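Everything on this sheet refers to the single structure shown next.
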Amino acid sequence: MSVEFSMRQLLACLNISVFDPAMEPALKKVCLTGTEQREEQKDPFCRLMPQIGMVVSALICFWGLRAYSLVAGAFLFLICGIALRKTASYSVRYFLRTYFLTGLLLLTKACFLFSPVAVIVLLFIFWGRSLFLPEGRWLRTVLSVLFFGYVSFLAGEYRTVFLGMFSIAGTAGLLLPLKNVYSREPSIIFAVFSLLLLLGNEVFFMLGFINPLQGSVVLSIVFAIELLLLFCCLRRDLETEEIFGSVIGILSLFLVGLCLSVGIEGSAALFLVSFFMDCPALGKIAAVLFACFLLVFLLSLSVSLLWAGIISLTAGLFFEGLRFQLKLLSSKECRE
Amino acid sequence: MIVPDKKMEAYLNQPACIKNIIQLCRTGILLPVDFLRAVALCRSEKKWLRGGQYVLSWLAGVSFLAAAFFFVVEKWHFFYTLHGGLFLALLFVVCSFARRFAVADYVGAVVIGAMIFLPGLIFGTNTFLYEQFFLWFLLLIFWALPSPRAIVRLLPLVVLNMAVALYGIQFVLPTLRLGADSFCALAALLNLALLILREEFAGNRLLFQSQAFRFVPLLFTGLFLLAGAAAQSFLNYGSLAFLYCFIFTVGLGGFYLFRHFDRPVCRFLLVFSVLWVSLLICCGIRALTLPASQEQALFLSAGSLLIVMTLIIDRQFDILLKDTQDVG
C-alpha cells in the first residue's frame with residue numbers, strides 16, 4: 001500500500017460516516033485525546049532511550065539500597081511521589097520518576113516478605129483511576145511488569161500454564177483493542193516477556209543450570225491458538241488460496257513448535273502479529289527473539305561439527321532464498 | 001447530520017496512523033474486529049519488505065558465518081597441511097578478484113590474518129602474538145586502501161591498536177620498561193596523533209572522509225586512557241595523576257568539539273566522562289573505608305544519579321540544538 005490515507009478516507013473505506021450524529025461525541029473525544037497525545041509527545045524524555053535509562057538507573061539504585069529497603073523505599077516513594085504531583089518541568093519529572101520507581105521497587109521487596117499480592121493491590125488502590133486514563137501509560141507499564149514478575153515467580157511448576165495465559169492475553173489485547181480499555185502496554189509486555197522468560201529457561205537449561213520447562217506442548221498449542229486468533233481476525237478479507245495457505249502455515253508452525261523449538265513458533269507468531277498490526281518495533285523484537293531461539297536450538301543439538309555446519313549452511317540458504325523472494329516481491333510492488 | 005468543526009476537520013484531514021486507529025477502537029467508533037482491516041489500509045508494505053530483507057540478510061549472514069566456523073573447526077587439521085595453505089592462498093586470490101562483493105572484501109582481510117597466524121600454530125615458531133598483529137596491520141594497509149568500504153579501510157587502525165595492546169601486555173609490562181599508566185598514555189597519544197594527521201592532512205581525501213575515521217581514533221584514545229587510569233587506581237589509588245588524566249581528556253575532548261562539532265562525538269565524550277567520574281567516585285568511596293553494604297549503597301546510588309543526570313543533560317542539549325537550528 002503506497003497511498004497515504006487521511007483519517008476521513010480511512011473512515012469512508014470502513015463505511016463509517018463522519019456526519020452521523022451518533023458519532024459526534026466519540027469523534028470529539030478522539031480529537032481531544034489526539035491533542036493530549038501531541039502534548040505528551042513534547043516531553044523529550046518520553047522516547048525509548050531515556051525510558052530505558054530510567055529503568056536501568058532505578059534498578060542500579062535499587063540493587064545498591066536493598067539492604068535498607070524499608071526505610072529508603074518509604075522515603076523515596078513518599079518524597080518523589082508528592083514532588084511529582086507538584087512539578088511540571090520535564091527534566092525534574094524524569095528525575096523524580098526514576099527515584100519514585102526505585103522507592104517502589106524497594107518497598108515491593110520489603111513488602112514481598114509479608115504478602116506479594118498485597119503489593120499489587122496497594123498499587124492499584126494508590127494509582128486508582130490514573131491507570132485507566134491515556135496519561136497512565138507509565139503506571140500501566142510498571143504495574144504490568146511487576147504483575148508478570150510476581151506471577152511467574154510464584155507459579156512454580158505451573159509456570160508454563162501462566163506463561164501461556166499471559167501470551168494469549170497479550171496477543172488478544174494487541175489484535176482486538178477494546179472500547180475504553182488502555183491495554184496496549186500490558187499486552188506488549190505480556191506477549192514479549194513470556195517469550196523472554198521462555199528464552200531464559202532454554203538458555204539456562206542448555207547451560208545445565210536448571211531443568212527443562214515442563215509442558216512445552218501446552219505452549220505449542222497456545223501459540224497455535226494465537227495464530228488461529230490472527231487468522232480469525234483476517235478471515236473476512238482473505239481469498240480461498242490465502243485461507244488455504246494460512247491453514248498450512250499455522251499447521252507447519254505448530255509442527256515446528258512440537259518437534260523443534262516452541263520458542264521459534266512463538267516468536268514467528270509474534271512477528272506475524274506485529275506485521276498485521278503494523279508495529280515495526282515489536283517486529284524487530286520478534287525477529288531478534290526468533291534468531292536467539294534458533295541459535296539456542298542449534299547449539300543444543302547433539303550433532304557433530306560437520307552436521308552443525310551443514311544445518312547452518314542449509315539455514316543460511318533458506319534465509320537467503322526467502323530474502324530473494326522478498327526482493328522479487330519488492331521489485332514487483334515498485335513496478336506496480 | 002452534524003457538520004465537523006475546525007478541530008475535527010483538522011483531525012479528519014491528518015494522515016491515518018496506527019495510534020489514531022487504536023484511538024478509534026477505544027472510543028467505540030471502530031469495532032475491535034475491524035482493527036486489522038483499518039491497519040491494512042495504512043500499512044506501508046514497502047517498509048516491511050525492506051525491513052524483512054534486512055533481517056533475512058542478517059540471519060543468512062550469521063548462518064553462513066556459523067557454517068564456515070563449524071567447517072573450519074571440523075577440518076582444522078586440513079589447514080596444518082600444505083593443501084590447507086594452498087587452499088587459503090587460492091581463497092585469497094579469489095577474494096582479490098571478487099572484491100566488488102562485500103563478503104569477498106571482508107573474507108580477504110580475515111584470510112590475510114589466517115595466513116599469518118597458521119604457520120606459527122603449525123610449526124610452533126614461538127612468535128609473539130603482537131608481532132603477528134603488527135605484520136597483519138602492515139599487510140592490511142595494502143588490502144584496505146583500495147577498498148570502497150569504510151569498515152575495511154578502518155580495519156588496519158583496529159588491528160594496529162590490538163597489536164599495541166598486546167605489545168604492552170606481552171613485552172612492555174612484564175619487562176617493566178614502563179608502568180601500565182604510562183604505556184596506556186603513550187598508546188592514547190598515538191591514536192591522538194593519527195587523529196590530528198587525519199584532520200590536518202587527510203580529511204579532504206575521499207578515502208578518509210567517513211566520520212568513523214574521526215570517531216574510532218577518539219574511541220581508542222578514550223579506551224587506553226580509561227585502562228591506564230583503572231590500572232593506576234587499583235595499583236596506587238590516592239594518586240592525583242588519575243585526576244589530571246581525567247581533566248586532560250575532558251579538556252581535549254571539549255577543545256576538539258569546539259573546533260569540529262559532532263553530535264556522536266559529543267555523546268561519546270559524555271559517556272566517557274561518566275565512566276571517568278564513576279572511577280573517581282569508586283576511588284573516593286574506597287578511601288572512606290566504610291562497611292561493604294554502605295560502600296555498595298553509596299557507589300550504586302551515585303552511579304545511578306550519574307546516569308540520570310547524563311540523560312537529562314543529553315536531552316537538554318538536544319533541545320538547545322534544535323532551538324538554535326529553528327532560530328537559525
Side-chain angles (χ1 to χ4, degrees), chain A residues 1-2 4-8 10 13-14 16 18-19 21 23-24 26-27 29-31 33-34 44-45 50 53 57 60-61 63-65 67 91 94-95 98 176-180 233-234 237 275-278 280 287 291 305-306 308-309 312-313 315-316 319-320 322-323 326-327 329-330 333, chain B residues 1-2 4 7-8 11-16 18 20 22-30 32-39 41-46 48-49 51-53 55-57 59-60 63-64 66-67 70-71 73-74 293 296-297 299-301 303-304 307-308 311-312 315-316 318-319:
Chain A
M1 191 67 60
S2 57
E4 203 175 71
F5 281 99
S6 67
M7 289 303 294
R8 187 192 303 275
L10 179 82
C13 288
L14 297 167
I16 295 169
V18 300
F19 302 108
M23 285 290 152
E24 188 185 356
L27 276 172
K29 195 176 171 187
V30 163
C31 290
T33 316
F45 298 96
S57 308
I60 290 172
C61 197
W63 196 253
L65 294 175
S91 323
Y94 178 73
F95 178 84
T98 309
L176 301 164
L178 300 174
K179 189 175 172 185
N180 293 328
C233 291
L234 295 168
D237 300 312
F275 171 73
F276 284 105
M277 51 173 275
D278 198 24
L305 284 167
L306 181 65
S312 301
L313 186 64
F319 292 133
E320 193 57 34
L322 267 180
R323 190 187 74 85
L326 281 185
K327 199 173 170 185
L329 202 62
S330 178
E333 288 259 324
Chain B
M1 187 174 109
I2 60 159
K7 220 183 212 175
M8 214 180 289
Y11 171 78
L12 291 171
N13 288 334
Q14 70 183 4
I18 182 85
N20 288 342
I22 293 172
Q23 281 305 322
L24 290 175
C25 290
R26 284 181 184 151
T27 47
I29 294 173
L30 201 61
V33 289
D34 287 331
F35 171 64
L36 290 187
R37 195 181 256 186
V39 168
L41 288 170
C42 52
R43 181 173 52 234
S44 167
E45 308 282 350
K46 220 187 283 184
W48 277 95
L49 282 171
Q53 283 180 61
V55 165
L56 286 169
S57 66
L59 285 173
S63 302
F64 287 139
F70 288 129
F71 286 138
V73 173
E74 161 72 12
S293 64
Q296 192 183 53
F299 178 66
L300 289 177
S301 307
S304 155
I307 293 172
V308 169
L311 285 164
I312 291 175
R315 285 278 115 184
Q316 293 292 7
D318 265 342
I319 295 166

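Model, not experiment: these values are computed from the prediction. Just so it is clear: chains get the letters A, B, ... in the order the sequence lines come, proteins before strands, and each one is counted from 1.
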The interface call for Ile16(A) against chain B, heavy-atom contacts under 4.5 Å, is side chain
Mind checking whether Phe70(B) and Leu306(A) have side chains closer than 4.5 Å, heavy atoms only? no
Select one option (side chain, backbone, both, neither) describing which atoms of Phe275(A) are under 4.5 Å from chain B's heavy atoms. both
Note: Cys42(B) and Asp278(A) closest approach over all heavy atoms is O-OD2, 4.2 Å
Could you measure the distance from the CG atom of Leu49(B) to the CG atom of Leu329(A)? Nearest 0.5 Å is fine. 5.0 Å
With heavy-atom distances below 4.5 Å as the criterion, would you say the side chains of Leu24(B) and Leu10(A) are in contact? yes
At a heavy-atom distance under 4.5 Å, which candidate from Leu234(A), Leu178(A), Leu305(A) has the highest pair count against chain B? Leu305(A)
Quick check on Ile29(B) against chain A: is it the side chain, the backbone, both or neither that has a heavy atom closer than 4.5 Å? both
Minimum heavy-atom separation for Gln53(B) and Ser330(A), please, with both atom names. NE2-CB, 3.6 Å
Enter the distance from Ile22(B):CD1 to Met277(A):CE here, rounded to the nearest 0.5 Å. 6.0 Å
Looking only at non-hydrogen atoms, find the nearest pair between Asn13(B) and Arg8(A) and report the distance. OD1-NH2, 3.2 Å
Are the side chains of Phe319(A) and Val55(B) in contact, using a 4.5 Å heavy-atom criterion? no
Once side chain to side chain contact (heavy atoms under 4.5 Å, CB included) is applied, do any residues pair with Phe299(B), and if so which ones, sequence neighbours excluded? Ile281(B), Cys282(B), Ile285(B)
Heavy-atom distance under 4.5 Å between the side chains of Leu41(B) and Leu14(A), does that happen here? yes
Derivation of the side chain to side chain contact (heavy atoms under 4.5 Å, CB included) call for Leu59(B) and Leu322(A): CA-CA 11 Å; Leu59(B) 285 173; Leu322(A) 267 180; over 6 Å; no
Let's test your reading of the structure: which of Pro15(B), Gly303(B), Ser293(B) forms the most heavy-atom pairs below 4.5 Å with chain A? Pro15(B)
What's the shortest heavy-atom distance between Phe95(A) and Ile312(B), and which atoms? CB-CD1, 4.0 Å
Can you see which heavy atom on Pro177(A) is nearest to which on Cys25(B), and at what distance? O-CB, 3.6 Å
Under 4.5 Å from any heavy atom of chain B - which part of Ser91(A): both
If you round to the nearest 0.5 Å, how far is CZ of Phe276(A) from CZ of Phe35(B)? 13.0 Å
Note: vs chain A, highest number of non-hydrogen pairs under 4.5 angstrom among Ala67(B), Gly51(B), Ser57(B) is Ala67(B)
Contact leader toward chain B among Ala67(A), Cys13(A), Ala287(A), Ala308(A), where contacts are heavy-atom pairs under 4.5 Å: Ala308(A)
Applying side chain to side chain contact (heavy atoms under 4.5 Å, CB included), name anything that partners Gln296(B), two or more places apart in sequence or on another chain. Trp63(A), Arg66(A), Leu300(B)
Which atom of Gly52(B) lies closest to which atom of Leu326(A), heavy atoms considered: C-CD1, 3.7 Å
